[in-house]
Structure formats: C-alpha cells, structure tokens
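Residue indices begin at 1 and follow the sequence shown.
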Amino acid sequence: QVQLVVSGGGLVQAGSSLRLSCAASGFTFSYYAIAWFRQAPGKEREFVGVSASGGSIVYADSVKGRFTISRDNVENTVYLQMDSLEPEDTAVYSCAKGGSIYDIARAQDPRMYVYWGQGTQVTVSS
C-alpha cells in the first residue's frame, strides 16, 4: 500500500524556517517523482516544487530562492526546506507521488500525481 506521511509543519514568525518531510513507503521510491503542493484557505491548490527520480528539481516562481527540495533515496524521504517564510506561505502542505507515466514538463499539473500525503499545516505570522 502506498503511503506518504507528511510532517514538520507548525506556527512560525515571518523570516523563520521550517523543514517538511515526506516519508514514503509501498513503492520503489527512487523510481518516482515526489512533488510538493500547498493550499491556502479559499485558494486553489498550488504547485510548490518537485524532485524527479533523475535528479531534476523544479520550483514554482513564488518560492524559488527560498525553498529547497532534497531527496534521500536511502531513507525514502523527500524534504522541503523553507527559509525566509512569509505570511503568504501559510497553507496546508502536501506531498504527492508521480504516476508511472510522468512528464516533468507537466510537473505543475496535478494530474501527473496519483497519491497524496495527508498534509501538514504551516502558519506564518507577521
């Protein structure tokens, strides 16, 4: 059974950092892309970034330069290091597993992902 367990959220002040973890099981982790999405209240789900199995990483413009995605294929975990957090980053963050047919050129398309973690709340106060 595929499982994606997300952890690391919390309440922080603007300018602080958090590191989220997406711990995966139930599939050959290194073969699949793992993406991060977020959804703020009243807003659409937003692509944050993705780590592809070949090492490619893509970030949304809104987080580029502040967030860093890394992958540990031994621990079967993808991390989202978030620095210089802003109130606009407040959202529920989830990780998602890419499908067997994955095109990184369409990384932002939720249809590329077939399993989703439960999400963790990140709240950034000003």
Side-chain angles (χ1 to χ4, degrees):
Q1 181 178 357
V2 172
Q3 287 188 303
L4 300 173
V5 179
V6 184
S7 62
L11 172 63
V12 298
Q13 292 188 326
S16 297
S17 297
L18 282 173
R19 188 179 73 162
L20 307 184
S21 299
C22 175
S25 61
F27 61 96
T28 303
F29 180 76
S30 62
Y31 289 2
Y32 293 90
I34 302 293
W36 289 95
F37 286 80
R38 65 186 183 184
Q39 188 166 24
K43 296 185 178 181
E44 297 291 328
R45 181 181 293 159
E46 178 187 16
F47 173 80
V48 176
V50 64
S51 170
S53 60
S56 297
I57 300 176
V58 176
Y59 297 100
D61 289 341
S62 60
V63 306
K64 195 173 299 180
R66 298 187 298 119
F67 291 10
T68 304
I69 294 173
S70 59
R71 173 190 285 261
D72 187 335
N73 286 330
V74 176
E75 298 294 331
N76 288 356
T77 302
V78 170
Y79 300 97
L80 179 64
Q81 177 68 41
M82 305 184 294
D83 297 321
S84 301
L85 283 163
E86 304 168 353
E88 292 74 20
D89 296 316
T90 295
V92 174
Y93 285 71
S94 299
C95 62
K97 172 188 176 293
S100 296
I101 301 174
Y102 186 81
D103 182 4
I104 195 168
R106 300 172 60 192
Q108 300 87 347
D109 187 349
R111 294 175 294 180
M112 292 293 101
Y113 305 98
V114 295
Y115 292 99
W116 297 78
Q118 83 284 3
T120 187
Q121 177 70 47
V122 173
T123 302
V124 184
S125 62
S126 59

ask   = Is Y79 reachable from Y93 through a run of hydrophobic residues whose side-chain heavy atoms are each under 4.5 Å from the next?
value = no
remark   = Nearest heavy-atom contact between A107 and F37 is O-CZ, 4.2 Å
Check: Y113 and V50 side chains under 4.5 Å, non-hydrogen atoms = yes
Minimum-distance pair of heavy atoms, taken over all atoms of A52 and I104 = CB-CD1, 3.8 Å
ask   = Mind checking whether R45 and W116 have side chains closer than 4.5 Å, heavy atoms only?
value = yes
query = If every non-hydrogen atom of G117 is compared with every non-hydrogen atom of S94, which pair is closest and at what distance?
reply = O-OG, 3.9 Å
query = Okay, side chain of R38, backbone of A91: is any donor-acceptor separation there less than 3.5 Å?
reply = no
ask   = Closest heavy-atom contact between I57 and S51?
value = CG1-CA, 4.4 Å
Between CZ on residue F27 and OG on residue S25, distance to nearest 0.5 Å = 7.5 Å
query = Taking side chain as C-beta onward, heavy atoms only, is S53 less than 4.5 Å from Y31?
reply = no
task = Using a 4.5 Å cut-off on heavy atoms from C-beta on, say whether the side chain of F47 contacts that of P110.
result = no
note = Minimal heavy-atom distance between F29 and R71, with the atoms involved, is O-NH1, 3.1 Å
task = Using the rule that two of Ile, Leu, Val, Met, Phe, Trp, Tyr join whenever any of their side-chain heavy atoms come within less than 4.5 Å, decide whether Y59 and L18 are in one cluster.
result = yes
Listed pairs under 3.5 Å, donor-acceptor, residues 3-16 side chains, sequence neighbours left out:
{"residue": "S16", "atom": "OG", "partner": "Q13", "partner atom": "O", "Å": "3.0"}

query = Does a donor on one side chain and an acceptor on the other come within less than 3.5 Å for S62 and E46?
reply = yes
query = To the nearest 0.5 Å, what is the distance between CE (M82) and OG1 (T68)?
reply = 11.0 Å
query = Are Y102 and V78 grouped together when hydrophobic residues (ILVMFWY) are joined by side-chain heavy atoms under 4.5 angstrom apart?
reply = no
key: Non-hydrogen atoms of S126 and P87 that approach each other most closely   = CB-CG, 3.9 Å
remark   = Sorted by chain and number, sequence neighbours left out, ring-ring contact (aromatic ring centres under 6.0 Å, His included) with Y115 holds for none
query = Distance from L80 atom CG to S70 atom OG, nearest 0.5 Å?
reply = 8.5 Å
request  = Could you check if a side-chain atom of L85 sits within less than 4.5 angstrom of a side-chain atom of F67, using non-hydrogen atoms only?
outcome  = yes
query = How would you list all residue pairs meeting disulfide (SG to SG under 2.5 Å) that involve residues 18-126, not counting sequence neighbours?
reply = C22-C95
task = To the nearest 0.5 angstrom, please state how far the CG atom of D109 sits from the CG atom of D103.
result = 9.5 Å
message = Quick one, D89 and R66 - any side-chain contact, counting heavy atoms below 4.5 Å?
response = yes
ask   = Is I34 close to K97 at the side-chain level, that is, under 4.5 Å between some pair of heavy atoms?
value = yes
message = Can you confirm whether V122 sits close enough to L20 that some side-chain heavy atom of one is under 4.5 Å from a side-chain heavy atom of the other?
response = yes
